[in-house]
Amino acid sequence: MTSTSTEAPIRVRIAPSPTGDPHVGTAYIGLLNYIYARQRGGKFILRIEDTDRTRFVPASEQMIFDSLRWLGLGWDEGPDVGGPFGPYRQSERTEIYREHADILLANSTAYRCFCTPEEIEEIRKQQIAAKLPPRYPGTCRHLTKAQIAENLAAGKSYTIRLAVPPHKGDLTSSTTFCDELRGNITFEHNNVDDQVLMKSDGFPTYHLANVVDDHLMQITDVIRAEEWISSTPKHVLLYKAFGWEIPRFWHMPLLRNLDKSKISKRKNPVSLIYYRDSGYLPEAIINFLGLMGGGMPGDINNGTEQFTLAEMVEHFVFTNIRLGGPVFDLTKLKWLNGEYLRKLSPEDFFHQVRTRVFGDEYLRQIASLMQTRIETLTQFGDLTSFFFSDNVVPSQETFLPKKRTLEETLAFAQDQLAVLEATEWTHEALEPALKKLGEEKTWSVKENFMLLRAILTGSTMSPPLLESMVVFGKARSLDRVRRFLDAQKKLATQRK
RNA sequence: GGCGUUAUGGUGUAACUGGUUAACACGUCGCCCUCUCAAGGCGAAGAGUCCGGGUUCGAGCCCCGGUAACGCUACCA
């Protein structure tokens with residue numbers, strides 16, 4: 001650990017983007033930042049990086065708050081709790097970025113680029129075709145003042161790009177920074193692109209906003225995922241352009257799928273909402289995340305690998321983190337969750353079942369779907385068991401429409417999944433989206449809905465599909481469709 | 001393609017400043033318990049530490065060279 005005697009108080013942050021369901025990766029990095037701050041009496045800050053308006057999902061921010069709190073990772077400063085360095089939502093800081101972009105423009109460490117997205121795209125295509133690294137050629141970098149004034153007067157829209165120092169083999173030809181876990185990392189400037197800092201819509205990109213905010217919020221340690229290593233030289237260049245002190249960088253290994261690729265929803269549940277709704281305990285998830293990459297002494301609690309958040313704050317050692325990407329292995333997480341379930345007192349266990357599986361609000365919504373459909377109360381379970389089960393496996397007889405082949409049915413289910421992923425989880429949005437897909441693929445509404453019903457409920461008989469899906473929730477519904485598809489793929493390869 | 005990072009059983013980790021036969025957990029398999037399934041108990045298989053050189057009395061740990069995987073390569077983060 002590098003630390004100087006004139007150390008500023010430790011301040012760390014996580015900066016998730018509200019682009020969908022909160023991600024396990026956010027929880028992982030959040031956990032690490034939380035521990036780091038607590039170990040050093042520092043502050044843990046939550047900042048919302050909502051500068052990408054095209055991917056913005058309104059409900060997402062609240063879900064991030066809820067799921068991080070559910071895990072026990074509370075923050076000292078953030079959009080909802082305030083703090084002395086606000087606002088903590090980047091969309092509310094656009095004026096700040098504007099001002100800072102002007103500073104860069106004034107000292108020539110950035111420049112206006114009037115190229116259109118189409119032109120850039122064309123250049124990229126040519127570069128890729130010529131097997132050259134796709135890079136902005138610097139066309140607008142040498143515009144004269146007159147040319148710039150002319151373009152401005154003509155009302156041309158522009159971006160602002162970082163002017164990466166020239167690379168002529170002198171001392172400015174590369175940027176070196178220290179990663180606290182890996183040591184010095186060097187990038188030659190001819191491998192660093194003139195990154196866009198301000199988009200033409202007036203919003204900053206991550207690179208600018210992140211550096212400006214980290215500095216203004218007095219962040220001392222940037223603890224983030226490994227995927228950021230490649231863009232760190234751009235950030236270092238920015239700190240230097242502003243004349244600011246550079247924080248410490250800690251790049252953490254990336255969580256992986258079973259096949260070692262970066263963890264993704266295609267191959268693994270990644271939504272924290274999914275884990276919550278599927279009956280995982282926050283203690284188990286935190287514990288499991290704490291196992292990823294090591295950091296805890298092996299002999300803690302007799303080597304059971306079981307420990308609490310408080311114990312992590314007490315014993316976790318950052319410099320012991322292993323750098324290989326750990327596989328997020330659901331099998332082991334389930335074992336751990338089972339361990340925590342067994343440790344509960346009978347009364348607490350009952351309470352968990354009562355609130356998490358048979359919560360009042362959940363039951364109320366299901367009941368309202370069932371009132372007209374049963375003749376004795378005890379028939380309630382007959383049509384609703386899928387709401388309370390984890391393992392729903394429809395037989396081929398159940399899900400395969402009479403006039404369709406297995407192949408086209410699975411292909412259509414795949415399309416349904418894509419539509420569901422992209423659709424807001426309300427009856428009003430889901431119905432037209434699914435029907436539109438059916439029309440495009442010439443599947444009747446009946447075939448369309450029956451297939452989805454079979455996949456989600458395991459049966460051809462159920463309460464109304466859309467209403468049921470809304471009650472059941474997006475995270476679990478999507479997971480069920482994905483698991484169905486996976487299982488069918490495995491069966492198909494077995495048959496071969 | 002370019003750049004960067006990483007590399008210990010199937011998976012997650014351990015192995016003090018190089019020092020017995022590479023340890024633990026999950027998973028797998030078997031046995032015990034038992035009305036079933038779990039849980040629990042006992043036991044087994046499974047890596048010679050990505051590969052090839054080098055230094056050393058001795059290398060998973062140090063050096064050199066490869067390879068592979070992953071990440072980045074956006075007016076996304």
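As the structure is a prediction and not an experimental result, all values here were calculated from the model.
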Please set out all donor-acceptor pairs under 3.5 angstrom arising from side-chain atoms of residues 101-108 of chain A, sequence neighbours excluded.
from   : atom 1 : to     : atom 2 : distance (Å)
A/N107 : OD1    : A/T109 : N      : 3.2
A/N107 : OD1    : A/T109 : OG1    : 2.6
A/N107 : ND2    : A/A241 : O      : 3.1

[atom1] of [X] versus [atom2] of [N]: gap in Å, rounded?
| X | N | atom1 | atom2 | answer |
| --- | --- | --- | --- | --- |
| A/I321 | B/rU6 | CD1 | C1' | 15 Å |
| A/I229 | B/rG4 | CD1 | P | 12 Å |
| A/K125 | B/rG1 | NZ | C1' | 19 Å |
| A/N184 | B/rC3 | CG | C1' | 17 Å |
| A/H251 | B/rG4 | NE2 | P | 15 Å |

Tell me what A/E339 touches on the nucleic acid: a base, only sugar-phosphate, or nothing, going by heavy atoms under 4.0 Å.
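Since only primed, P, OP1 and OP2 atoms lie under 4.0 Å of A/E339, the category is sugar-phosphate.
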
Taking any heavy-atom pair under 4.0 Å as a contact, classify A/I185: base, sugar-phosphate, or nothing.
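The answer is sugar-phosphate, as A/I185 gets under 4.0 Å only of primed atoms, P, OP1 or OP2.
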
Report the residues that fulfil ring-ring contact (aromatic ring centres under 6.0 Å, His included) with [X], sequence neighbours left out, ordered by chain and then residue number.
| X | result |
| --- | --- |
| A/Y28 | none |
| A/F187 | none |
| A/Y206 | A/W228, A/H235 |
| A/Y158 | A/F114 |

Which whole number of Å gives the distance between the [atom1] atom of [N] and that of [M]?
| N | M | atom1 | result |
| --- | --- | --- | --- |
| B/rC72 | B/rG30 | C1' | 48 Å |
| B/rC70 | B/rU36 | P | 46 Å |
| B/rG48 | B/rU11 | P | 13 Å |
| B/rA59 | B/rG54 | C1' | 11 Å |

If a protein heavy atom is under 4.0 Å from the base, mark B; if only from the sugar-phosphate, S; if neither, -; do that for nucleotides 68-77 of chain B going 5' to 3'.
-SSBSSSBBB

Scoring nucleotides 14-31 of chain B by protein non-hydrogen atoms under 4.0 Å (B base, S sugar-phosphate only, - none) yields S---------SBSS----

With sequence neighbours excluded, tell me which residues meet side-chain contact (heavy atoms from CB on, under 4.5 Å) with A/E314.
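Expected list: none.
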
Kindly write out the residues that satisfy side-chain contact (heavy atoms from CB on, under 4.5 Å) with A/E118, not counting sequence neighbours, or none if the list is empty.
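So A/E118 forms a side-chain contact (heavy atoms from CB on, under 4.5 Å) with A/T116.
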
No-hydrogen, no-angle side-chain donor-acceptor test under 3.5 Å, A/D50 and A/S91
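The criterion, which ignores hydrogens and geometry beyond distance, is satisfied for A/S91 and A/D50.
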
Of all pairs that satisfy ring-ring contact (aromatic ring centres under 6.0 Å, His included), the ones with a partner from residues 85-106 of chain A, not counting sequence neighbours
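Only A/H100-A/F242, A/H100-A/W244 qualify under ring-ring contact (aromatic ring centres under 6.0 Å, His included).
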
Under the ring-ring contact (aromatic ring centres under 6.0 Å, His included) rule, what pairs show up with a residue in residues 51-73 of chain A, not counting sequence neighbours?
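Every ring-ring contact (aromatic ring centres under 6.0 Å, His included) pair that includes a residue of residues 51-73 of chain A, provided the two are not neighbours, is A/F65-A/W75.
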
Salt bridge present between A/E421 and A/R266 (N-O < 4.0 angstrom):
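Looking at A/R266 together with A/E421, the answer is yes, because their closest N to O distance falls below 4.0 Å.
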
RNA chain B base-pair string [pairs: Watson-Crick or G-U under 3.5 Å; |: paired with another strand]
(((((((..((((.....[...)))).(((((.......))))).....(((((..]....))))))))))))....

